[in-house]
Amino acid sequence: MASGTTIDVAQSLSHEMLRHWYEQMQTIRYFEEQVIEFFAKGLISGSTHPCIGQEGIAVGACAALEPSDLILATYRGHGECLAKGADPKKLMAEILSRATGCCKGKGGSMHLCDVSHGVLGTNAVVAAHIPISGGVALACQTRKTGQVTACFFGDGASCEGEFFETLNMASLWKLPLVLVCENNEYAISVHVSKSQATPNIADRAQGVGMRNQVVEGNDVLAVYAAMRAAVEHAREGRGPTFLECKTVRWERHSTFSAGRYENAEAAQKWRKVDPIPRFKSHLLTVGISEGALEERAERARATVAAAAEFALSSPPVSPDAILEDVYEP
Amino acid sequence: MGTVTTMRQLTMSQAINEALREEMRRQPNLILLGQDIGAYGGTFGVYRGLFDEFGPERVRDGPLCESATVGFAIGAAINGMRSVVELEFMDFVTVAMDQIVNQAAKMHYFFGGQIKVPLVIRTAIVSRMGMGSQHSQSLEAWFIHVPGLKVAIPSNAYDAKGLMKTALRDTNPILFIENVKLYSTKCDVPEEEYSVPFGRARVMREGSDVTVVAISAMVPESLAAAEKLGAQNISVEVIDPRTLNPLDVETIAQSVRKTGRVIITHDAAKTGGVAAEISQRIMEEAFDYLNAPIVRVAGLDVPVPSGALHPMVVPNQQRVIEAVLKMLGR
Ligand SMILES: Cc1ncc(C[n+]2csc(CCOP(=O)(O)OP(=O)(O)O)c2C)c(N)n1
């Protein structure tokens with residue numbers, strides 16, 4: 001169903017665009033590595049769910065959206081927030097529970113939000129944001145704003161009742177919505193082979209007559225191509241798309257929960273399909289120099305270092321602030 | 001001052017309908033979501049005529065999926081609309097509980113105030129119709145336990161319209177708990193615009209011997225009890241909190257300072273019911289004025305049985321009368 005091959009898409013993009021995506025993917029990677037380090041140092045309480053290995057989905061999908069489009073994601077959504085344009089400083093400060101965080105420090109790693117960049121929040125109850133994204137899209141449709149909403153979630157979420165309920169309603173009402181399923185093969189310890197009745201999760205969309213596509217999630221260009229077609233389809237008022245992006249989870253579920261793999265090798269499988277080196281070798285073949293890419297990687301490191309510095313030097317949340325925002329006055 | 005108020009009698013159902021209709025006219029971004037709410041007018045007919053006036057986009061009849069319906073309503077609310085969801089029986093809040101408790105109630109807080117959730121969830125208690133254990137619960141206590149939600153529970157047409165008007169101009173998630181038994185009850189409702197603020201209890205009848213704090217269908221039951229006790233020279237003050245969160249403790253405490261005796265009554269099962277919370281708040285505010293232990297006249301701690309058996313479980317005016325007499329040693 002894709003509107004063009006990956007190669008076609010790559011050729012239609014400027015080198016500047018490609019270098020920018022590379023930098024975004026690197027930023028997400030370094031950001032998550034920094035978060036893991038902060039967790040290990042005891043600077044983050046609770047847990048955090050790195051999206052390492054899934055950067056291609058965040059960047060490819062968000063690149064196909066307009067700045068005014070809207071996204072919702074999960075606790076594993078740092079990458080989508082960054083890719084959609086949220087300020088890394090405010091995100092890092094939020095994850096460190098600082099007063100300068102995007103949610104004033106009260107959301108933490110699993111509840112990030114930046115309305116000014118169309119990030120309508122990340123959610124920690126599996127699949128609960130899926131119907132909410134349907135409502136966000138319904139509001140866009142009813143108010144005729146022309147915006148498209150994208151909702152990111154995992155393979156585990158696609159087993160929840162609210163997922164099925166939303167699939168039906170979104171299709172029924174032809175909502176301007178793209179449901180992006182990041183099938184990273186695991187829900188904590190449960191492998192998709194133990195949770196899915198069909199080989200592709202996207203098959204479920206057929207049951208409600210929803211446009212759907214399976215895409216190689218570790219290929220940022222493939223994700224972008226599929227997403228662009230889905231976004232166009234939605235923006236033209238032709239309804240939602242279910243996009244299943246096949247990927248592989250990082251070596252743990254979260255910094256708190258290991259999750260479970262059949263063996264130590266399976267836990268490292270993500271490295272073999274890592275979207276960053278894959279994209280890099282593609283960029284080298286289209287004639288972008290090693291030096292240019294290293295420069296972008298360096299910029300990504302600097303962005304994350306500045307975010308870390310900002311977060312560490314930010315004040316903690318005051319006891320008064322804890323009592324605020326329970327109700328809108 | 002000097003404005004003439006024109007009154008007419010409306011049923012509680014008509015009053016809620018009127019509040020919605022007026023606000024639908026005022027607020028183009030206000031939508032209704034739920035099941036059977038289209039031309040059918042809602043399970044209990046509260047939406048009669050709204051579909052004809054506002055059409056299928058704003059009175060959006062949807063598939064049977066309470067959880068996603070509330071989720072959709074939240075999504076629309078955080079994205080520039082105001083949503084009202086009808087959950088047909090209060091018992092079915094269970095199906096949408098995650099969306100209400102983990103999502104609607106908390107988003108404003110954990111997103112640091114960036115997100116607003118102007119959402120009203122209307123639902124009805126059906127405890128007095130003999131529809132059995134899965135269609136008869138009064139679950140209001142669950143929601144006062146969740147910071148971030150507001151809970152309104154009117155007992156008559158005037159308050160229902162006024163509270164609904166307030167709810168539809170608030171920007172927080174609100175549980176608006178109606179009662180099927182009260183839908184057909186009538187009272188004077190002004191033609192003119194008015195609203196009833198949240199957090200202000202109403203003294204329904206003044207008295208000096210005993211305070212009865214009554215909720216929802218127990219308000220008319222308690223008023224009837226007070227009338228009968230009046231004939232025996234017992235003066236009962238009846239207070240309807242009207243909203244449970246925010247709760248107007250001061251009006252209740254003031255009454256207790258006057259009467260020294262208080263009974264709290266609701267249909268909901270006694271254990272963990274809102275009477276327990278109100279009782280504690282009275283002790284915090286007016287303990288020194290109490291001449292007798294606080295008494296609860298509540299539903300028995302059993303599932304509400306079917307058919308003709310429900311009156312054995314759900315309280316009524318007779319049980320209020322007995323409690324007052326016992327409290328006064330008569
Ligand atoms: C309703 C609910 N059930 C269980 C959990 C605990 N939990 C957190 S993440 C997770 C796995 C979800 O897997 P998936 O949807 O595949 O996403 P992934 O973590 O792989 O990104 C579970 C079970 C939860 N947060 N919410």
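Order of the sequence lines fixes the chain letters, A, B, ..., with proteins taken first and strands second; residue numbering starts at 1 for each chain.
Interface check for chain B: of the options Thr166(A), Asn168(A), Thr149(A), the most heavy-atom pairs under 4.5 Å are formed by Thr166(A). Interface check for chain B: of the options His129(A), Glu324(A), Lys104(A), Lys106(A), the most heavy-atom pairs under 4.5 Å are formed by Lys106(A). Top candidate by heavy-atom pairs under 4.5 Å with chain A, chosen from Pro147(B), Ser67(B), Pro28(B), is Ser67(B). Interface remark: of the candidates Glu57(B), His108(B), Lys106(B), His108(B) forms the most heavy-atom pairs closer than 4.5 Å to chain A. Chain A forms the most heavy-atom pairs under 4.5 Å with one residue out of Asn102(B), Leu33(B), Ile115(B), and that residue is Ile115(B). The choice from Gly161(A), Ala124(A), Ser133(A), Gly134(A) that makes the most heavy-atom pairs within less than 4.5 Å of chain B is Gly134(A). Listed options Gly112(B), Ala77(B), Pro118(B) were ranked by heavy-atom pairs under 4.5 angstrom with chain A; first place goes to Gly112(B).
Neither the backbone nor the side chain of Thr145(A) comes within contact range of chain B, judged by heavy atoms closer than 4.5 Å. Only the side chain of Arg60(B) has a heavy atom closer than 4.5 Å to any heavy atom of chain A. With a threshold of 4.5 angstrom between heavy atoms, Gln103(B) approaches chain A through side-chain atoms but not through N, CA, C or O. Neither the backbone nor the side chain of Leu64(B) comes within less than 4.5 Å of any heavy atom of chain A. Of the atoms belonging to Leu167(A), not a single heavy atom falls under 4.5 Å from chain B. If you measure heavy-atom distances from Gln141(A) to chain B, the contacts under 4.5 Å come from the side chain alone. Residue contact with chain B, scored on non-hydrogen atoms closer than 4.5 Å, involves the backbone of Leu112(A) exclusively.
In the displayed structure, Arg25(B) atom CZ is contacted under 6.0 Å by more than 12 heavy atoms of other residues, nucleotides or ligands. The environment of Arg21(B) atom CZ is dense: over 12 non-hydrogen atoms of other residues, nucleotides or ligands sit within 6.0 angstrom. Counting non-hydrogen atoms of other residues, nucleotides and ligands closer than 6.0 Å to CD of Gln280(B) gives a total above 12. Few gaps surround OH on Tyr194(B); more than 12 heavy atoms of other groups in view lie less than 6.0 Å from it. Counting heavy atoms of neighbouring residues, nucleotides and ligands inside a 6.0 Å radius, atom NZ of Lys84(A) exceeds 12 of them.
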Gln99(B) vs Ile132(A), side chain to side chain contact (heavy atoms under 4.5 Å, CB included): CA-CA, chis, key distance, verdict: CA-CA 9 Å; Gln99(B) 290 294 341; Ile132(A) 297 174; 3.5 Å; yes
Verdict with reasoning, Tyr327(A) to Asn245(B), per side chain to side chain contact (heavy atoms under 4.5 Å, CB included): CA-CA 11 Å; Tyr327(A) 294 97; Asn245(B) 185 5; 3.0 Å; yes
Side chain to side chain contact (heavy atoms under 4.5 Å, CB included) between Leu120(A) and Phe111(B), intermediate numbers included: CA-CA 9 Å; Leu120(A) 295 192; Phe111(B) 290 142; over 6 Å; no
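The distance from atom CD of Glu165(A) to atom OG1 of Thr69(B), rounded to the nearest 0.5 Å, is 7.0 Å. Summarising the geometry, atom CE belonging to Met107(B) is positioned 14.0 Å from atom CG belonging to Asp325(A); distances are rounded to the nearest 0.5 Å. To the nearest 0.5 Å, the span separating CG on Leu70(A) from CD1 on Ile78(B) amounts to 8.5 Å.
Nearest heavy-atom pair across Thr171(B) and Glu328(A) is OG1-OE1, 2.8 Å. Asn79(B) approaches Cys140(A) most closely through the heavy-atom pair ND2-SG, 3.3 Å. The shortest heavy-atom contact between Ala68(B) and Met169(A) is CB-SD, 4.0 Å.
The aromatic rings of Phe110(B) and His111(A) sit parallel, their planes meeting at an angle under 30°, below the 60° perpendicular limit.
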